[in-house]
Every structure is written in structure tokens, then in C-alpha cells.
Amino acid sequence: MKFFKGNFFQEQEREGWLYGSFMPEGLLKDDRVEIKIKNLEKSFTSKPHFQKKATKIEFIFSGKAIWEIDGEDYELNQGDYIVIPPGVSTAVKKVLEEPTLCQTIKIPSEPTDKVFKTI
């Protein structure tokens, strides 16, 4: 196959993950990078976690939300992005505006790299 065409609004069975080492064989499977695009609903939150090896980049295309980064709260708005190196914890604490459309890129694609923080 020379290319792949998809629609990220219709492909939410992997919670928005579209590309990476965890995908079935084909053009979307790649160990170098993971890509997710997701609309965050007002009820969405995530538990504090960090990556052991991967760098994570979060882009906010629309909306706004409160992210916790290494224990401090930051409001991210449309157009903002953050670069999170390995070992730095993050969590989505509160979605302030719908739709909040985010893209996550993780380099490299390490499916077992995520570590949840224990309190």
C-alpha cells in the first residue's frame, strides 16, 4: 500500500492513538513515534504519570484545560503546546472548555514506557 487515509474523529477505539508500535502491521505501525488526536470531554481527567524513555509533546488545537506538570497546575489554551521530557509527571486535571482537541506525539514509541505515580 502506498498510503493510508483515515479519519481521527471516527477512529477512537484506541482512545485516539493513530500511529505507533502498538498498531497492527502496516503503514501505521512504527517504533519511532506515537501519535494521538483526541477530543477531551469536560469529564475527562488522567492520573499523574511519566514516561521512562519517551519525550511527549502535547498540542492544544481548541479549548482549554488544566494540566498538572510535576505537581504544579498550568492552564493550556488553544495554540499552546508543551514538551515533556522523560521522568516529568503530567496529568489532565480538568477540561475547562469543550471541545478541547489535543494531539500527543511521543518519541520513541514505547508501549510499556508509561509509569503511574504513586502517592
Side-chain angles (χ1 to χ4, degrees):
M1 181 185 322
K2 293 182 182 183
F3 72 98
F4 179 88
K5 180 186 178 292
N7 183 302
F8 58 82
F9 288 117
Q10 296 173 357
E11 299 171 16
Q12 292 298 310
E13 66 270 6
R14 289 174 298 280
E15 297 184 18
W17 290 104
L18 305 169
Y19 191 89
S21 63
F22 47 82
M23 297 296 284
E25 292 299 321
L27 289 176
L28 302 179
K29 185 174 182 67
D30 193 326
D31 293 338
R32 298 171 296 172
V33 66
E34 294 178 10
I35 299 172
K36 173 175 83 174
I37 300 175
K38 183 174 178 93
N39 256 325
L40 304 181
E41 297 177 3
K42 277 223 167 198
S43 61
F44 181 83
T45 61
S46 65
K47 295 179 182 177
H49 62 279
F50 63 91
Q51 310 300 313
K52 293 182 282 185
K53 297 179 185 177
T55 295
K56 184 164 65 168
I57 306 165
E58 299 274 2
F59 297 91
I60 311 303
F61 293 121
S62 66
K64 61 176 134 178
I66 303 292
W67 251 259
E68 180 184 304
I69 304 169
D70 256 1
E72 294 192 38
D73 291 352
Y74 296 90
E75 183 177 306
L76 298 178
N77 298 287
Q78 180 177 346
D80 289 342
Y81 66 95
I82 52 175
V83 179
I84 304 147
V88 173
S89 74
T90 64
V92 177
K93 288 185 75 174
K94 184 173 185 175
V95 175
L96 300 173
E97 187 177 287
E98 285 186 290
T100 294
L101 180 62
C102 303
Q103 179 179 29
T104 304
I105 298 174
K106 288 188 348 186
I107 307 161
S109 180
E110 296 273 344
T112 60
D113 195 43
K114 186 178 199 176
V115 176
F116 287 98
K117 284 184 66 175
T118 57
I119 298 174

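Note that the structure is predicted; figures quoted are calculated from it, not measured.
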key: Pairwise side-chain contact, Lys56 with His49, heavy-atom cut-off 4.5 Å (strictly under)   = yes

remark   = Besides Leu40, the hydrophobic cluster formed by Ile, Leu, Val, Met, Phe, Trp and Tyr side chains linked at under 4.5 Å, directly or via other members, contains Phe44, Ile60, Trp67, Ile69, Tyr74, Leu76, Ile82, Ile84, Val88, Val92, Val95

query = Are the side chains of Pro48 and Glu68 in touch, meaning some heavy atoms are under 4.5 Å apart?
reply = yes

remark   = d(Ser62 OG, Glu98 CD) to nearest 0.5 Å is 10.0 Å

key: Straight-line distance of Leu96 CG to Glu75 CD, nearest 0.5 Å   = 5.5 Å

Set of residues satisfying ring pair (Phe, Tyr, Trp, His ring centres under 6.0 Å) with respect to Phe9, sequence neighbours excluded = none

query = If you look at every heavy atom in Lys64 and Thr100, which pair is closest and at what distance?
reply = N-OG1, 3.2 Å

query = Less than 4.5 Å apart, any side-chain heavy atom of Phe59 and any of Ile105?
reply = yes

message = With a 4.5 Å cut-off on side-chain heavy-atom distances among I, L, V, M, F, W and Y, is there a chain of contacts connecting Ile66 to Leu101?
response = no

ask   = Tell me the salt bridge (Lys or Arg N to Asp or Glu O under 4.0 Å) pairs involving residues 39-50, sequence neighbours left out?
value = none

request  = For residues Thr104 and Ile57, determine if any side-chain heavy atom of one lies less than 4.5 Å from a side-chain heavy atom of the other.
outcome  = no

Fellow cluster residues of Phe50, listed by chain then number, with links counted only when side-chain atoms sit under 4.5 Å apart = Val115

task = Indicate the atoms forming the closest heavy-atom contact of Pro86 with Lys52, along with that distance.
result = CB-O, 3.5 Å

List the atom pairs, donor and acceptor, that lie under 3.5 Å between side-chain atoms in residues 28-39 and the rest of the protein, sequence neighbours left out.
residue : atom : partner : partner atom : Å
Lys29   : NZ   : Ser21   : O            : 2.5
Lys29   : NZ   : Met23   : O            : 3.4
Asp30   : OD1  : Arg32   : N            : 2.8
Asp30   : OD1  : Arg32   : NE           : 2.9
Asp30   : OD2  : Tyr19   : OH           : 2.7
Asp30   : OD2  : Arg32   : NE           : 3.2
Asp30   : OD2  : Arg32   : NH2          : 2.5
Glu34   : OE1  : Lys106  : NZ           : 3.3
Glu34   : OE2  : Ser109  : OG           : 3.0
Glu34   : OE2  : Glu110  : N            : 3.2

inquiry  = Going by the rule salt bridge (charged side-chain N to carboxylate O under 4.0 Å, His left out), which residues pair with Asp70 if we only count those two or more places apart in sequence or in a different chain?
reply    = none

